[in-house]
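Please read the structure below before turning to the comments.
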Amino acid sequence: MNFELNPLDIITTLLGLAYILLEYKASIWLWAVGFVMQALDIVLYYDKGLYADCAMEFYYIGMTIYGFWVWKFGRKKNQQQGADLPVTHFKKSLILPWVLGTLAIWAVLWYWLVQIGSTVPVADAFTTALSFVGIWALARKYLEQWLIWIVVDVMTCVLYFYKGIPFKASLYGLYIVIAVFGYIRWRKMMKEATTGQ
């Protein structure tokens with residue numbers, strides 16, 4: 001482990017903090033902050049040899065555009081005219097396809113990372129594969145996206161400390177706490193929307 005003061009680590013940490021606070025509030029502005037953070041993360045992760053995370057940022061940028069569009073213009077069943085996209089549950093019919101897809105992506109990424117000489121192929125591939133589902137579930141405003149991120153955040157926090165980017169690792173530690181409270185807040189929002197309070 002080699003800790004060094006890296007400006008990109010600090011900047012993306014601050015952007016990441018703003019991002020998750022906006023996510024907690026269910027603010028559409030999270031997508032704009034996320035776009036800038038992800039562009040900078042591409043450089044940071046490539047420099048640190050976190051190649052799957054680096055590649056993942058390109059997917060995140062695409063999902064950021066998609067998420068903004070869905071939150072701004074998307075509609076869900078029983079959504080009132082002019083109302084914000086509501087928080088709903090992850091559809092049960094999607095669970096098995098997403099689990100199988102995540103396992104397949106994990107296996108492919110793991111193999112690829114081994115081939116290119118990654119020092120942490122199992123963890124890097126797993127967090128990346130699970131993040132594919134997490135960002136999609138966030139873009140669809142599903143409550144369970146918080147549970148997915150808790151798992152990702154725990155593993156990523158440990159991985160980033162190990163790879164020597166302590167500011168970003170600490171951010172993921174904070175993400176765990178915010179994700180727990182985010183889940184509670186979004187569940188309350190969903191319940192209030194359902195009961196019409």
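In what follows, residues are counted from 1 in the order of the sequence shown.
In this pair, Trp146 and Trp186 present their aromatic rings perpendicular. The plane angle is above 60°, beyond the 30 to 60° band. Using cut-offs of 30° and 60° for the angle between ring planes, the Tyr142 and Phe90 rings count as tilted. Using cut-offs of 30° and 60° on the angle between ring planes, the pair Trp31 and Tyr19 is perpendicular.
Residues Gly16 and Met37 approach most closely at CA-SD, 3.2 Å, considering heavy atoms. Residues Leu113 and Ala125 approach most closely at CD1-N, 3.7 Å, considering heavy atoms.
A distance of 6.0 Å or more separates the ring centres of Trp110 and Phe126.
With hydrogens and angles left out, the side-chain atoms of Thr156 and Lys168 include no donor and acceptor closer than 3.5 Å. Side chain to side chain, Lys141 and Thr88 fail the donor-acceptor criterion of an N or O pair below 3.5 Å.
Legend: residues meeting side-chain contact (heavy atoms from CB on, under 4.5 Å) with Ile178, ordered by chain and number and at least two apart, are Leu17, Ile20, Leu21, Tyr24, Leu174. Every residue two or more places apart in sequence or in another chain that forms a side chain to side chain donor-acceptor pair (under 3.5 Å) with Tyr45 is listed here: Tyr160.
Using a 4.0 Å cut-off between charged side-chain N and carboxylate O, Lys48 and Asp9 make no salt bridge.
Contact check for Trp112 versus Ile116: side-chain heavy atoms found under the 4.5 Å cut-off.
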